[in-house]
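Naming convention: chains lettered A, B, ... in sequence-line order (proteins, then strands); numbering from 1 in each chain. Heavy-atom basis, side chains included; hydrogens, waters and symmetry copies ignored.
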Amino acid sequence: MVINTAGLTFKFGDQTVVKSLSLQVPEGSIYGFLGPNGAGKTTTIKLLLNLLQVQQGSIHVFGLELQSNRIKILSQIGSLIEQPAIYLHLTGKENLLNRALLLQLPASRVNEVLNIVHLTNAANKKAGQYSLGMKQRLGIALALLSDPQLLILDEPTNGLDPNGIIEVRELLIKLVNEHKKTVFISSHLLAEIERMATHVGIINNGELLFQGSIHDLEALSKPLIQIETENVADAANYLKRNNITVSDITDQYIYVPYISKQQMGEINGLLNQMGYTVYSIAKQQKDLEKLFLAITQTA
Amino acid sequence: MKGFILSFRSEFYKSRKTAGFWSAIVLPLVLCLLVFIGFYIKSAALAPDPGMLLWLKYAAPILGVMGTFLLPMLIVFIAYSVNSIEHKADTWKTLFSLPIAKLSVYSAKYLYALTLIFLSLALFVLFTVSFGNLLGALKPELKFRDYSMVGTLIQLYFKLFLSSLGILSIQFLLSLLFRDFLKPMGIGFIAIITGGILAGNNWDYAYLFPYSHPVLALKMLPKHSAHSTGMPTITIDLFTHEIYVALIISAVVFIGGYFIVLKKSVK
């Protein structure tokens, strides 16, 4: 495990922001850390970077205890927390050169990362004149500068346009696949995470509600049959009387848990027999977005 | 140690294009230039003065304005400036997640502010001496050549530097803790005025109040005693008790500040 926390709890005054968190981030994974705004994501990330002191529980990164190996661990982490930290009176390149100075990296590395995030043309422009997306890309460049083993990114696609989001996603996938890096990425948007994450942790009100591979998460989401018919309410009642579970009814559709193709045919026949015209009937995978909402709202 | 040097160099790299850095250079230049111009215009009236008196007349207004008001203001501004660079850019979190010890980051920043004050005061010595000699060259009737004040000026400004340590450490900590401009500036401004009043009224315990120190440092001197025999001399007692108080306060606040930084959650 690259990141391993046990019983991590953090309080701001009386308020418990992180509750007994046990994160397990395997090497070579893209770990999507999901949760609504205010769920405790940023606090967790600050704990992982030793910006907040651990009050209860433990954090191990690369198998080493964080507090006692702080410098060694931090030298292998690149991070972007909330809005990027950029000196607006310096140019994009100067921002990177300053960090390269602190990390004792050659200036040539600065040009490399500028190229990676497509900021070469804007390198000598004051960062204060950058658009939100460019600032975000500069923030990612700063995180990548030291070529770290572990990238910790807090909402890295904030403010990026769709193209930018795709670029960042492809870059992260490439880093993991080709360079054996590990990426820990937080977001409140599942749609963004599910396209790249190999592992997912879902947090709400400071509690970890789900943790596992993306396949585990998909397995949780049971398929449904979506039936479009006339007189939805009556048809649904009729199905119930025939001992068929109806999980949801909307103005247009009835939803029934999917069991098999045969069962889907039987339902179709049943409704037609009773004179309810079926306009459409199809198997539907409950999307992860709804699942995410369900997980975070029931808690 | 390496982390400290890297952080210190980075402080210079970041701030070299900011008002905080340039104020330390421009302030001595402008002030000395103004007095230079004043003396140049009024040279006829000053021509009868002997060399030593001339140098004193020339250095005194610069020292006076500096000690009573400008130096404390400069300290408040520089302490604010080196910290606000991080507040504005939201970079405290990156500074403290660098693979560099927190003590190195913190002390490099403090020492950088200290260096800027030192630089500014050193430039005061340099500009006072150079402009004085330039005046002597341009207006030979002014007897600047007859006396050298370099040694005295170095001692005076070094004493001013030491007397500023207490204020600097307090202002540095305030600027580090408060993001907003008004708090450190407002507190500093009120304290400077209070310090000036206390020292100006010869209050017995003014030496315990750091914001009085620059005024006190100059007040006790220079006692230029005209000896009956030969050249008059100026003696400067460098380590007066307000200087000790300034040194103690700066050490205590610096160490205390470090523990506050350690405990403080980084925003």
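- Counting heavy-atom pairs under 4.5 Å between each of Ala89(B), Gly3(B), Ala101(B) and chain A puts Ala89(B) at the top.
- The number of heavy atoms from other shown groups lying within 6.0 Å of CZ (Phe189(B)) does not exceed 12.
- The CG atom of Leu101(A) sits 9.0 Å away from the OG atom of Ser7(B) when rounded to the nearest 0.5 Å.
- Environment of CZ in Arg9(B): sparse, with no more than 12 heavy atoms of neighbouring residues, nucleotides or ligands closer than 6.0 Å.
- Within 6.0 Å of the NZ atom in Lys19(A), the count of heavy atoms belonging to other residues, nucleotides or ligands exceeds 12.
- Ser97(B) OG to Ile73(A) CD1: the interatomic distance, rounded to the nearest 0.5 Å, is 13.0 Å.
- Of the listed residues (Lys72(A), Gln76(A), Glu94(A), Gln53(A)), the greatest number of heavy-atom pairs within a distance under 4.5 Å of chain B belongs to Glu94(A).
- Interface summary for chain B: among Leu49(A), Asn98(A), Leu142(A), the most heavy-atom pairs under 4.5 angstrom belong to Asn98(A).
- Rounding to the nearest 0.5 Å gives a distance of 10.5 Å between CG of Asp90(B) and OH of Tyr87(A).
- Here OH of Tyr13(B) is found 11.0 Å from CG of Leu102(A). Values are rounded to the nearest 0.5 Å.
- Side chain of His89(A) to main chain of Lys14(B): a donor-acceptor pair is present (N/O by atom type, distance under 3.5 Å, no hydrogens or angles).
- Other residues, nucleotides and ligands place no more than 12 heavy atoms under 6.0 Å from the NZ atom of Lys11(A).
- Residues Leu98(B) and Leu103(A) form a side-chain contact, since some pair of their non-hydrogen atoms from C-beta on lies under 4.5 Å apart.
- In this structure, NZ in Lys88(B) is found 9.0 Å from CG in Leu88(A), a value given to the nearest 0.5 Å.
- In this structure, Arg70(A) contributes its side chain and Ile100(B) its backbone to a donor-acceptor pair below 3.5 Å.
- Contact annotation for Gln83(A): both backbone and side-chain heavy atoms come within less than 4.5 Å of a heavy atom of chain B.
- A donor-acceptor pair under 3.5 Å is formed between the side chain of Lys93(B) and the backbone N or O of Ile81(A).
- With a 4.5 angstrom heavy-atom cutoff, Ser75(A) touches chain B via backbone and side-chain atoms both.
- Residue Glu27(A) places its CD atom among 12 or fewer non-hydrogen atoms of other residues, nucleotides or ligands, all under 6.0 Å distant.
- With values rounded to the nearest 0.5 angstrom, Ser10(B) atom OG is found 11.0 Å from Leu97(A) atom CG.
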